[in-house]
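Shown next, in structure tokens, is the structure this report addresses.
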There are 2 protein chains.
Amino acid sequence: MTSSSVCVLGLGLIGGSILRAAHDAGRPVWGWNRSADAIAGATADGYDVGTDLKAALTRASDQDALIVVAVPMPAVDSVLAAIAEHAPAAPITDVVSVKAEVAAAVTARGLQARYVGGHPMAGTNQSGWSATDPTLFTDAVWVVSTDRGVDADVWVRVAQLALDCGSVVVPAESVEHDRAVARISHLPHLLAEALAMVGAAGGPLALGLAAGSFRDGTRVASSSPNLVRAMTEGNAAALRTALDEALAALTAAREELDEGSTKTLVDAGNAARLQYEQHQRFEITDITPGEPGWREELQDAGRRGGVVRQIRSASPG
Amino acid sequence: MTSSSVCVLGLGLIGGSILRAAHDAGRPVWGWNRSADAIAGATADGYDVGTDLKAALTRASDQDALIVVAVPMPAVDSVLAAIAEHAPAAPITDVVSVKAEVAAAVTARGLQARYVGGHPMAGTNQSGWSATDPTLFTDAVWVVSTDRGVDADVWVRVAQLALDCGSVVVPAESVEHDRAVARISHLPHLLAEALAMVGAAGGPLALGLAAGSFRDGTRVASSSPNLVRAMTEGNAAALRTALDEALAALTAAREELDEGSTKTLVDAGNAARLQYEQHQRFEITDITPGEPGWREELQDAGRRGGVVRQIRSASPG
């Protein structure tokens, strides 16, 4: 029987919320964090957490726990080095918002055989233990990697953790994930920053007149600059493409505005927003991880809007 | 004694909501709308509305009612022509989202002596009588024009209507208003349209991964293209400046991204958003419309973030 234990490394908003959600789902779970101060609240709340990385990983190795790497990108490699030393055979996932860069770091440490990347698409505006929430992932989308070479058993364990946390699973290749989030998560940050700048340049009169469109359009500009830089800079290649597309649309609009019209941009933007509003997920029900072609089939279904809500067992039936 | 009657021309979301809010404030109010179909709901709800423009204006003239022009920009001039014919001495305001263009049309009809422009900064995503709401303006900001030549008595009547509808009044010159709303209302629409386009170009995978930042960043792209075009095209000159600033910030960010950094944009955008969050209005309490210099003083106070919450009487005491 597969171990249901979970070992969470890094107890910020995402890692801490996974610790709590996995606990609430009845799974044995423990966590590690570099700083003791940051997890005083977790300790006080009775969670099984500590600052001894070797101890956490040795236990993960002994219990065949799923290791969840939930530290910021700059700290990922040092955590992977510790995993390679103390729990080289344990299954590994992560929750970093870019996937290709993490996959490359995992491969560089020789851990790729037991690694399946993940990315829960859940809020990151706040931070720290006090902001953690076991329901953060409820009805959220959790990307689970379908990169060439992923192990079906590890894939199922990562997907099951996402489902246990209340999410639906979107299967996607790391590179495709990174291109998609550049469009729908990283570009929104850059546009929000630019909008905030132009608004504030209008002084107190402009800021005083700002209503819903400015408030919503700049909301994510209140995110910590360090978090935003880590996300956007970690996905620079894909983000360049998305930003170039936005610049092309806005530059064309600027030219049309010289003729007094905004028709092309407004019509296309409205149609695109309706496409988003009408987007329907479908449930992937006919693919069993481990069976021939499962990885490519999942990836193709994810690309077409498919999500996994329940893991199909590879056992006959 | 000044008449408290109000005559609302055009009963869409804004005009209809003013009709209802003024009624709830205990003011005699009637409305006109070009199409009978659109106000069947208003009639059924017992409001005093009709489709006879001459009758509505004659009554306004007889009762010295404040006329509120609440039709879309393209229909403004024909309504002004009717006012010039049937109620040339009545005080006039409007609620169109651009101010300089309306002021010019008013002057062209020779109605400028009794006109004070207005703009309630309240939502326009929905439309029609069923969307009207007497609380739409509660705690909203309502710009009242301080253009050269405005009449103090009319200014007070327009400001009082805004206060009766639950808003605070921001005094501002038409041109300054238009520059400010280009930054905080019209530019957000253009950026939202562009973001929606880039997101949808990522197909079902990207749309399926879209979470809060994309949803909020594209929200106003769901507004009716006709409304968005009317707003943005009606304010083309000021919007060009705002769009150029956004393009400059994003183009610089694109270059910095080639070096792998987003620091300049992210730091500046975050600081700007904090400026917005920390923006504090102050109440203008020491200016009495009609006293020497009142117009320039109000305008200056509005520019610095001042709002009027109560009208000071010009009578001694």
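Side chains included, hydrogens not; waters and symmetry mates left out as well; all remaining heavy atoms used. Proteins come first, then strands; the chains are lettered A, B, ... in the order of their sequence lines, and each starts at number 1.
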Are there more than 12 heavy atoms of other residues, nucleotides or ligands under 6.0 Å from atom CD of A/Q310? no
For residues B/L205 and A/A172, report the shortest heavy-atom separation together with the two atoms involved. CD1-CB, 4.1 Å
Please identify, among B/V170, B/L209, B/D244, the residue contributing the most non-hydrogen atom pairs under 4.5 Å to chain A. B/L209
Which atoms of A/E277 are under 4.5 Å from chain B, going by heavy atoms: the side chain, the backbone, both sets, or neither? side chain
Need one label for B/T241: side chain, backbone, both or neither, based on atoms under 4.5 Å from any heavy atom in chain A. neither
Where do B/S213 and A/H189 come nearest, in terms of heavy atoms and distance? CB-CE1, 4.4 Å
Measure distances from B/A182 to the heavy atoms of chain A and classify the residue's part below 4.5 Å as side chain, backbone, both or neither. neither
B/D216: side chain to side chain donor-acceptor pair (under 3.5 Å) partners, not counting sequence neighbours: A/R219
Quick one: what part of A/D258 sits under 4.5 Å from any heavy atom of chain B, side chain, backbone, both or neither? both
Any idea which of B/A272, B/P204, B/A180 has the most non-hydrogen atom pairs under 4.5 angstrom with chain A? B/P204
Residue pair B/F214, A/R183: steps toward the side-chain contact (heavy atoms from CB on, under 4.5 Å) verdict: CA-CA 9 Å; B/F214 186 78; A/R183 294 175 182 277; over 6 Å; no
Pick from A/Q280, A/R304, A/M197: which one has the most heavy-atom pairs with chain B under 4.5 Å? A/M197
In Å, rounded to the nearest 0.5 Å, how long is the span from CD of A/E193 to CG of B/L250? 10.0 Å
Please determine, among B/V307, B/L247, B/T251, the option with the most heavy-atom pairs under 4.5 Å with chain A. B/L247
Max heavy-atom pairs within cutoff under 4.5 Å with chain B, candidates A/E245, A/Q275, A/H279, goes to A/H279
Against chain B, work out which of A/L191, A/V168, A/V143, A/L274 has the most heavy-atom pairs shorter than 4.5 Å and name it. A/L191
Has the side chain of A/R240 got a donor or acceptor atom that lies under 3.5 Å from a matching backbone atom of B/L257? yes
Most chain B-contacting option - heavy-atom pairs closer than 4.5 Å, from A/A200, A/A236, A/G306, A/A221: A/A221
Checked A/V228, A/L190, A/V181 vs chain B; the most non-hydrogen pairs under 4.5 Å come from A/L190
Nearest heavy-atom approach of A/A253 to B/L243 is C-CD2, 4.4 Å
Counting heavy-atom pairs under 4.5 Å with chain A, which one of B/G212, B/G203, B/A211, B/A201 comes out on top? B/A201
Shortest non-hydrogen separation from A/G199 to B/I184 and the atoms involved: CA-CG2, 4.0 Å
Counting a contact as any heavy-atom pair under 4.5 Å apart, which residues of residues 260-269 of chain B contact chain A? B/G260, B/S261, B/T262, B/K263, B/L265, B/V266, B/D267, B/A268, B/G269
What residue, out of A/G217, A/A210, A/G305, has the most heavy-atom pairs lying under 4.5 Å from chain B? A/A210
What part of A/A140 lies closer than 4.5 angstrom to a heavy atom of chain B: side chain, backbone, both or neither? neither
Whether the side chain of B/N270 engages the backbone of A/P225 through a donor-acceptor N/O pair (distance < 3.5 Å, no angle test) should be reported. no
Side chain, backbone, both or neither: which part of B/A192 has an atom under 4.5 Å from a heavy atom of chain A? neither
Pick from B/E256, B/R215, B/R281 with the largest number of heavy-atom pairs that fall under 4.5 Å of chain A: B/R215
For the interface with chain A, which of B/V141, B/L239, B/T218 has the highest count of heavy-atom pairs at distances below 4.5 Å? B/T218
